[in-house]
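Predicted model only: the values in this text are computed from it and were never measured.
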Amino acid sequence: MPVQMPTKRYKTRKHYPDREMKMTQGFSTRAIHAGAAPDPVSGSRAQPIHQTTSFVFRDAAHAANLFALQEFGNIYTRLGNPTTGALEARIADLEGGTMGVATASGHAAQLLAFHVLMEPGANIVAARQLYGGSINQLSHAFKKFGWGVTFVDIDDVAAFEAAIDDKTRVIFTESLANPGGLVTDMKAIAAIAKRHGLPYMVDNTMASPYLCRPLEHGANIIVESLTKFIGGHGNSIGGMVIDGGNFDWLAHKDKFPTMASPQSYYNDMVFGEAFGALPLGPDGTNVNIAFAIAARAFSLRDLGPAMSPMNAFLIMTGCETLPLRMERHCANALKVATHLQGHEKVSWVRYAGLAGDPHNDRAKTYLPRGAGAVFTFGLKGGHEAGVKLVEGVKLFSHLANIGDTRSLIIHPASTTHSQLTDTQKTAAGAAPDTVRLSVGIEDAADIIADLDQALSAL
Ligand SMILES: *Cc1c(COP(=O)(O)O)cnc(C)c1O
C-alpha cells in the first residue's frame, strides 16, 4: 500500500476544535469551553459520549493515512476517541501544554511518559517525597523493565544534580507533594535539568492546573491523575500526559532514541522531526507535539492503558467546576489546618498555606491561589491514635483517595505507605503518627466539628 512520506505540515487538528481560545480567555472560561465545541452533527451542547470501539474509514487511502500518521483522525478507541480527545484538548489547554494523551489512570500516564524516555539500564532521578504508589511503581514495577531510580530529598536541590549520571534520562517530582503537602522548588530543579539536557517531568495531581502550572516554571512534561481534583467527584479513574512542547529532542539524539531516531514501525519516521515544530499555534506559531505523539502512537498503542469514553465524559464534567471547587478546598483546608494547630491532641501540622510553615514562601511563589486541600498532621498519641482517629470520624470518609468533594482521611503508615520501610515512611512524610486529610468542600464548621469529636475520644 503506497504511503506518503511524513510531511511536516498538518493543517487541521481535530483534537483542537477551539485552539484559538488558548490563553486568550481566563482559566474558568477555558475549564468549561476548551476542547469542546457543540457537536456538528446533532447540535448537542454537552460533550457526546462516543461509546464505540472503532471508527469507519472514508476509504482505503484515508485508512492508510491514519495508520501512517499522515493525518489525524479516529481509528480505534485504544488509540484515541473523540470524547477522550475533547478532554485531552481541555487539560492540555489548562496546563498550557501543546497536546495531551489521556490514560486509564494516573499511574498509566506515568508509565507511558517514562516508556517514551527510558531504555533498559537508564535511570530516573526522582524526589523521595512522592505519592506512595509512585514510589512503588518506580522502585519495583519499573525495575523489571531495567529502569533504575535514585530518590533524593525534595529540599536538597544539590542532591538532584549529584544523582545525575550519563544514564539519567529524566528528573521527576510532584509540584505539591503527596502526602505531606510540600511545595517543590520547580525553578531550581528545572534549571538543573536544563543544564544536563534532561526533561523535567512533574506530577501536578495534588495542585491541579488551577493552583499551579509547572510548565510556566520550567517543566517539560506533565503527568497527572485526573482521578483526584480534576474529575473531582470521586467517580472515575483517569490520567493524562501533557507535552510542554518545550524540549528539543533532536538536540539530545543519543539519549532519546524513541524521539530522535527513525522508527521502523512508522516508515522510519523520526517523531522529534515530524512533530517537533508544526505551524499549529493560534498565530501560526510553531508547536512541538512530538512527545505526545510518541506517547500515543508508540506507548499507548502498544501498552494499551486507554481511558474509557464514559470516564472522559465524567472527568470533563467535573473539570468545569475545578476553579470553584479548588477555591473552596483551599479555604476550608486553611481553616481546618489553623484549627488543628491549636488542638491539644495534635503535635504538629504541615500545611504550606500556614504562615510559618517551612514551605509557606514557596507556596506564595508556586501556588498563589492556595496551597491545596491535602495536608498532614501528627498525633501526640502516635500510630495507635492515628488508627483510632480514622475510625472515630463520621463525616470524613476513611479511604485511599484525595480530591473528592467529600472530606477524606487516611493513616498513611498503615495503608498507602505500609509497604515502605519505617525509614522510607518517615522520609516520604508518612511517619507512624501522621494522619493525612483531603479537605472537602462541605461547610468548614461541620468538617472541624467532626474532627473535634473524634479527637476528643482519643
Ligand atoms: C493518585 C495519585 C497518582 C496515581 O493516580 P491513579 O489515577 O490513582 O493511578 C499519582 N500521583 C499522585 C500525586 C496521586 O495522588
Side-chain angles (χ1 to χ4, degrees), residues 1-17 19 35-37 39-42 44 47-92 98-105 108-109 111-113 115-116 238-243 258-259 262-276 278 280 287 289-313 315-316:
M1 176 185 324
V3 176
Q4 277 174 273
M5 280 308 286
T7 57
K8 285 196 178 183
R9 285 172 181 271
Y10 289 81
K11 294 216 176 56
T12 60
R13 186 144 48 125
K14 295 199 182 81
H15 283 72
Y16 287 84
R19 178 90 212 173
D39 182 53
V41 176
S42 64
S44 169
Q47 175 59 47
I49 305 165
H50 293 276
Q51 193 67 38
T52 181
T53 54
S54 29
F55 301 84
V56 177
F57 306 120
R58 288 195 305 271
D59 51 36
H62 178 223
N65 278 345
L66 291 177
F67 276 97
L69 295 180
Q70 295 298 318
E71 192 180 323
F72 289 136
N74 302 307
I75 300 176
Y76 186 64
T77 287
R78 168 153 47 76
L79 308 174
N81 171 288
T83 310
T84 313
L87 176 68
E88 287 164 343
R90 179 167 301 173
I91 305 297
T98 57
M99 186 176 256
V101 181
T103 57
S105 67
L111 171 63
L112 294 200
H115 187 247
V116 173
M240 187 76 70
V241 178
I242 296 128
D243 188 345
T258 302
M259 297 305 301
Q263 300 304 318
S264 56
Y265 51 86
Y266 280 120
N267 294 300
D268 287 340
M269 177 184 280
V270 176
F271 286 120
E273 256 168 39
F275 301 100
L278 304 180
L280 289 171
V287 174
I289 54 171
F291 186 80
I293 296 290
R296 181 189 310 282
F298 172 53
S299 303
L300 181 61
R301 185 194 69 170
D302 293 0
L303 298 173
M307 177 183 284
S308 84
M310 185 67 199
N311 276 18
F313 171 80
I315 292 167
M316 240 178 135

Closest non-hydrogen atom pair between Thr84 and Ala312, with its separation: CA-CB, 3.7 Å
Beyond-backbone contact of Ile293 with Met99, side-chain heavy atoms, under 4.5 angstrom: yes
Leu87 and Met240, any side-chain heavy atoms less than 4.5 Å apart: yes
Derivation and outcome, side chain to side chain contact (heavy atoms under 4.5 Å, CB included), residues Phe275 and Leu69: CA-CA 10 Å; Phe275 301 100; Leu69 295 180; 4.1 Å; yes
Validation row, ring centre Tyr265 to ring centre Phe298 under 6.0 Å: yes
Test item: Thr98 and Phe291 side chains (from C-beta on) under 4.5 Å apart, heavy atoms: no
Gap separating the OG atom of Ser308 from the CG atom of Asn81, nearest 0.5 angstrom: 9.0 Å
Check: Gly100 main-chain N/O paired with Arg296 side-chain donor or acceptor under 3.5 Å: yes
Side-chain donor/acceptor of Thr77 to backbone N/O of Thr52, under 3.5 Å: yes
Donor-acceptor contact below 3.5 Å, side chain Glu88 vs main chain Ala102: yes
Any Leu300 side-chain heavy atom under 4.5 Å of Pro305 side chain: yes
Minimal non-hydrogen separation, Gly304 against Arg78, with atom names: CA-CD, 3.5 Å
Note, Phe55 side chain near Leu66 side chain (heavy atom, < 4.5 Å): no
Closest approach of Ala36 to Met316 (non-hydrogen atoms, all atoms of both residues): CB-CE, 3.7 Å
Distance, nearest 0.5 Å, that separates CG of Leu303 from OG1 of Thr103: 11.5 Å
Nearest atoms (heavy-atom pairs only) where Ala294 meets Phe271: CB-CD1, 3.8 Å
Ile315 and Met307: CA distance, side-chain angles, deciding distance, side chain to side chain contact (heavy atoms under 4.5 Å, CB included) verdict: CA-CA 11 Å; Ile315 292 167; Met307 177 183 284; 3.9 Å; yes
Side chains of His115 and Asp302 in contact at under 4.5 Å (non-hydrogen atoms): no
Donor-acceptor pair, side chain of Asp243 and main chain of Ala292, under 3.5 angstrom: yes
Closest approach of His50 to Pro82 (non-hydrogen atoms, all atoms of both residues): CD2-CB, 3.5 Å
Heavy-atom closest contact (Gly35 atom, Ala89 atom, distance): CA-CB, 3.7 Å
Backbone of Pro48 reached by a side-chain donor or acceptor of Thr83 within 3.5 Å: yes
